[in-house]
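First up is the structure itself, then whatever we jot down about it.
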Amino acid sequence: YGGLEVIGAAARFALEHNWVASPPSMRWDDGDLMGIVLTTASTLAQLLMLWGGIMLLRRSRRAIPVLRIASISLPVLSLLGLLWIIYIENNYASYWSTPASAIAQAIPYVTYSWLPVLILLLTLPPMARRMVGPNV
């Protein structure tokens with residue numbers, strides 16, 4: 001999960017800086033300062049998720065708090081990014097103006113957040129002890 005997101009962030013970064021070929025009809029923009037901060041924080045949280053997963057494969061006890069931090073950070077950062085986009089883009093904000101369209105727009109964010117929430121639940125003490133041993 002974390003690895004795929006890090007690869008995606010690297011691809012977007014390369015496209016934004018014209019380091020790789022892009023379709024001629026597309027423009028890649030790194031956005032404003034807040035967008036850059038949120039993207040950087042999200043990428044760092046994904047790196048934490050990747051690092052925690054690798055440590056978990058080695059049955060390291062340190063993996064549990066790393067995965068918990070990443071699992072809490074990712075949905076929060078996703079929500080902050082969504083709120084920021086709604087704030088700066090009036091056109092996009094209108095997509096959330098009716099209950100049905102708000103539900104349709106919210107589904108991708110819920111879909112994106114369920115796996116970090118699941119990982120957080122799996123790293124709570126009963127399951128964490130099974131993954132890395134006692135004293136977690």
Side-chain angles (χ1 to χ4, degrees):
Y1 179 77
L4 281 175
E5 291 295 324
V6 169
I7 290 168
R12 283 187 302 276
F13 188 79
L15 286 162
E16 290 165 2
H17 291 85
N18 296 319
W19 295 345
V20 294
S22 174
S25 62
M26 294 184 77
R27 182 175 164 273
W28 297 88
D29 186 10
D30 55 2
D32 59 356
L33 180 62
M34 185 62 158
I36 293 170
V37 168
L38 288 170
T39 300
T40 302
S42 181
T43 302
L44 290 173
Q46 292 292 358
L47 281 169
L48 274 179
M49 185 72 75
L50 177 62
W51 183 45
I54 291 169
M55 289 191 315
L56 190 62
L57 289 173
R58 299 180 66 206
R59 300 184 67 83
S60 171
R61 286 186 177 89
R62 293 182 186 160
I64 301 303
V66 169
L67 287 171
R68 285 179 187 161
I69 290 168
S71 296
I72 292 168
S73 300
L74 289 170
V76 170
L77 289 167
S78 177
L79 180 62
L80 289 174
L82 172 63
L83 293 174
W84 181 247
I85 291 170
I86 289 172
Y87 176 73
I88 64 171
E89 291 288 336
N90 291 335
N91 189 34
Y92 185 66
S94 69
Y95 295 176
W96 295 78
S97 61
T98 66
S101 64
I103 290 170
Q105 292 297 316
I107 295 296
Y109 290 93
V110 172
T111 301
Y112 176 78
S113 296
W114 77 267
L115 188 56
V117 170
L118 179 62
I119 291 171
L120 176 65
L121 294 173
L122 289 172
T123 59
L124 293 176
M127 290 299 293
R129 280 194 284 283
R130 291 180 181 174
M131 289 188 275
V132 296
N135 301 324
V136 175

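Hydrogens, waters and symmetry mates play no part in the numbers below; they use all other heavy atoms, side chains included.
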Same cluster for [X] and [Y] if Ile/Leu/Val/Met/Phe/Trp/Tyr side chains link at under 4.5 Å?
X    : Y    : value
V66  : I69  : yes
M49  : I54  : no
V6   : L115 : no
L118 : L67  : yes
M34  : I85  : no

Would you tabulate the side-chain donor-acceptor contacts of residues 100-108 under 3.5 Å, counting partners in other chains and residues two or more places apart, or write 'none'?
| residue | atom | partner | partner atom | Å |
| --- | --- | --- | --- | --- |
| S101 | OG | Y95 | O | 2.8 |
| S101 | OG | T98 | N | 3.3 |
| S101 | OG | T98 | O | 3.1 |
| S101 | OG | T98 | OG1 | 2.8 |
| Q105 | OE1 | Y92 | OH | 3.4 |

Of all heavy-atom pairs linking A70 and A45, the shortest is CB-O, 3.5 Å
Taking all atoms of both residues into account, what is the closest heavy-atom pair of A63 and L56, and its distance? CB-N, 3.5 Å
Side chain proximity check, [X] to [Y], heavy atoms < 4.5 angstrom:
X   : Y   : value
L74 : S42 : yes
L44 : T40 : yes
S94 : N91 : yes

Where at least one partner belongs to residues 107-131, residue pairs that pass ring-ring contact (aromatic ring centres under 6.0 Å, His included), sequence neighbours excluded: none
Which pairs with one or both residues in residues 36-91 pass ring-ring contact (aromatic ring centres under 6.0 Å, His included), sequence neighbours excluded? W84-Y87
Hey, does the side chain of [X] reach the backbone of [Y] with a donor-acceptor pair shorter than 3.5 angstrom?
X    : Y    : result
S113 : V110 : no
T43  : T39  : yes
R62  : M55  : no

To the nearest 0.5 angstrom, please state how far the CD1 atom of I119 sits from the CD1 atom of I64. 10.5 Å
If you round to the nearest 0.5 Å, how far is CG of L4 from CG of L50? 9.5 Å
